[in-house]
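Worth saying up front: this structure is predicted, and the values here are computed from it rather than measured. In this chain, numbering begins with 1 at the start of the sequence shown.
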Amino acid sequence: QLQLVESGGGLVEAGGSLQLSCTASGRTLTTHPIDWFRQAPGTEREFVAGISSKGKTYVLDSVKGRFTVSRDDAKNMAYLHMSTLNPDDTAVYYCAAEELSTADQARDHISLSEYRMDYWGKGTLVTVST
């Protein structure tokens, strides 16, 4: 069973930067695409960024140019680097992983939907002040 733990959240002023980490245990991350989602108070959870097992990345349009996603399989970790933060980025941020079939691994599949995720961390809160 894959366990995920997010870290790196906190309070930051508008314009600042944070790097979130997603640490995996129990199994290797190597064959899993990793997605980052966020949920602001009173809103639905939304996809923010994702990285396939082979490093293909996807980023929500509204954070493109400000957020980047990466992974270090040797450390069993994934990262979300966030810059030029604004109060609209305030949310609980979650990392999630999907279990892929052998065929989907071969074609470097990645889902961007929370409904396809099989493993979730408990989230880390990011608060951006004005």
Side-chain angles (χ1 to χ4, degrees):
Q1 186 79 358
L2 184 65
Q3 288 94 41
L4 302 173
V5 177
E6 303 91 343
S7 60
L11 176 64
V12 62
E13 290 185 352
S17 300
L18 277 178
Q19 177 164 284
L20 305 183
S21 299
C22 176
T23 303
S25 62
R27 293 174 60 181
T28 177
L29 268 183
T30 306
T31 59
H32 298 277
I34 302 296
D35 285 350
W36 288 90
F37 295 85
R38 68 184 179 185
Q39 186 167 22
T43 70
E44 295 185 353
R45 189 155 53 186
E46 66 173 351
F47 167 83
V48 177
I51 184 166
S52 73
S53 60
K54 296 181 181 178
K56 185 170 55 180
T57 61
Y58 299 86
V59 181
L60 180 69
D61 283 346
S62 64
V63 304
K64 206 166 281 185
R66 301 190 298 120
F67 289 15
T68 57
V69 57
S70 62
R71 63 191 295 155
D72 186 339
D73 288 345
K75 294 183 179 179
N76 231 28
M77 294 184 70
Y79 306 94
L80 181 67
H81 183 75
M82 308 183 293
S83 62
T84 320
L85 286 160
N86 61 65
D88 289 340
D89 297 317
T90 295
V92 177
Y93 284 73
Y94 302 88
C95 67
E98 185 180 2
E99 193 75 56
L100 296 183
S101 66
T102 302
D104 280 344
Q105 289 176 34
R107 65 187 185 94
D108 199 26
H109 174 75
I110 179 171
S111 294
L112 309 184
S113 168
E114 63 177 308
Y115 301 107
R116 295 297 305 272
M117 298 298 109
D118 297 295
Y119 308 100
W120 289 88
K122 293 184 178 180
T124 185
L125 176 63
V126 173
T127 303
V128 184
S129 65
T130 55

Q: Between CG of Leu125 and CD of Gln39, what distance do you get to the nearest 0.5 Å?
A: 12.0 Å
Q: Might you work through the salt bridge (charged side-chain N to carboxylate O under 4.0 Å, His left out) test for Arg116 and Asp35, ending with a clear yes or no?
A: CA-CA 10 Å; Arg116 295 297 305 272; Asp35 285 350; over 6 Å; no
Q: State, with a plain yes or no, whether a side-chain heavy atom of Thr28 is found less than 4.5 Å away from one of Asn76.
A: yes
Q: Checking Tyr119 against Glu99 for the side-chain hydrogen bond (donor to acceptor under 3.5 Å, both in side chains) test, could you report, in this order, the C-alpha distance in whole Å, the side-chain angles of both residues, the deciding distance, and whether it holds?
A: CA-CA 8 Å; Tyr119 308 100; Glu99 193 75 56; 2.5 Å; yes
Q: Any chain of hydrophobic side-chain contacts (each under 4.5 Å) joining Phe47 to Val92?
A: yes
Q: When you check the side-chain N and O atoms of Ser111 and His109, is any donor under 3.5 Å from an acceptor?
A: yes
Q: In terms of hydrophobic clusters joined by side-chain contacts under 4.5 Å, are Met117 and Tyr58 together?
A: yes
Q: Applying a strict under-4.5 Å side-chain criterion to I, L, V, M, F, W and Y, I'd like to know whether Leu29 and Tyr79 cluster together.
A: no
Q: Over all heavy atoms of both residues, which pair between Ala14 and Thr130 is shortest? Give the atoms and the distance, please.
A: CB-CA, 4.4 Å
Q: Would you call His32 and Gln105 a side-chain contact if the rule is heavy atoms closer than 4.5 Å?
A: no
Q: For Ser129, check side-chain hydrogen bond (donor to acceptor under 3.5 Å, both in side chains) against everything at least two apart and list the hits.
A: none
Q: Measure the shortest side-chain to side-chain distance between Leu20 and Thr124 over non-hydrogen atoms and say whether it is less than 4.5 angstrom.
A: yes
Q: To the closest 0.5 Å, what do you measure between OG (Ser52) and CD (Glu98)?
A: 11.0 Å
Q: Is Val59 close to Val48 at the side-chain level, that is, under 4.5 Å between some pair of heavy atoms?
A: no
Q: Rounded to the nearest 0.5 Å, how far does OG1 of Thr90 lie from OH of Tyr93?
A: 7.5 Å
Q: Would Val5 and Cys22 count as a side chain to side chain contact (heavy atoms under 4.5 Å, CB included) if you check the C-alpha gap in whole Å, the side-chain angles of each, and the deciding distance to 0.1 Å?
A: CA-CA 5 Å; Val5 177; Cys22 176; over 6 Å; no
Q: Let me see the working for Arg38 and Glu44 under salt bridge (charged side-chain N to carboxylate O under 4.0 Å, His left out), right down to the final yes or no.
A: CA-CA 8 Å; Arg38 68 184 179 185; Glu44 295 185 353; over 6 Å; no
Q: Does Lys122 pair with Glu6 as a salt bridge, N-O distance under 4.0 Å?
A: no
Q: With the side chain counted from C-beta on, respond yes when Gln19 and Leu80 share a heavy-atom pair under 4.5 Å apart, and no when they do not.
A: no
Q: What I'd like to find out is whether the side chain of Trp120 reaches to under 4.5 Å of the side chain of Leu4, using heavy atoms alone.
A: no
Q: Looking at Trp36, I'd like to know if the NZ or CZ of Arg45 sits under 6.0 Å from its six-membered ring centre while staying within 45 degrees of the ring's axis.
A: no
Q: Under 4.0 Å between a Lys/Arg side-chain N and an Asp/Glu carboxylate O for Asp73 and Lys75?
A: no
Q: According to a hydrophobic-cluster definition based on side-chain heavy atoms being under 4.5 Å apart (Ile, Leu, Val, Met, Phe, Trp, Tyr only), do Ile34 and Leu112 belong together?
A: no
Q: Which value, rounded to the nearest 0.5 Å, describes the distance between Phe37 atom CZ and Glu46 atom CD?
A: 10.0 Å
Q: Check whether any side-chain heavy atom of Phe67 sits under 4.5 Å from a side-chain heavy atom of Val69, and report yes or no.
A: no
Q: Backbone N or O of Lys54 within a donor-acceptor pair of the Asp108 side chain at under 3.5 Å?
A: yes
Q: Leu85 versus Leu18: any side-chain heavy-atom pair under 4.5 Å?
A: yes
Q: Rounded to the nearest 0.5 Å, how far does OG of Ser83 lie from CZ of Arg66?
A: 7.0 Å
Q: I need the Arg71 CZ to Ile51 CD1 distance, nearest 0.5 Å.
A: 6.0 Å
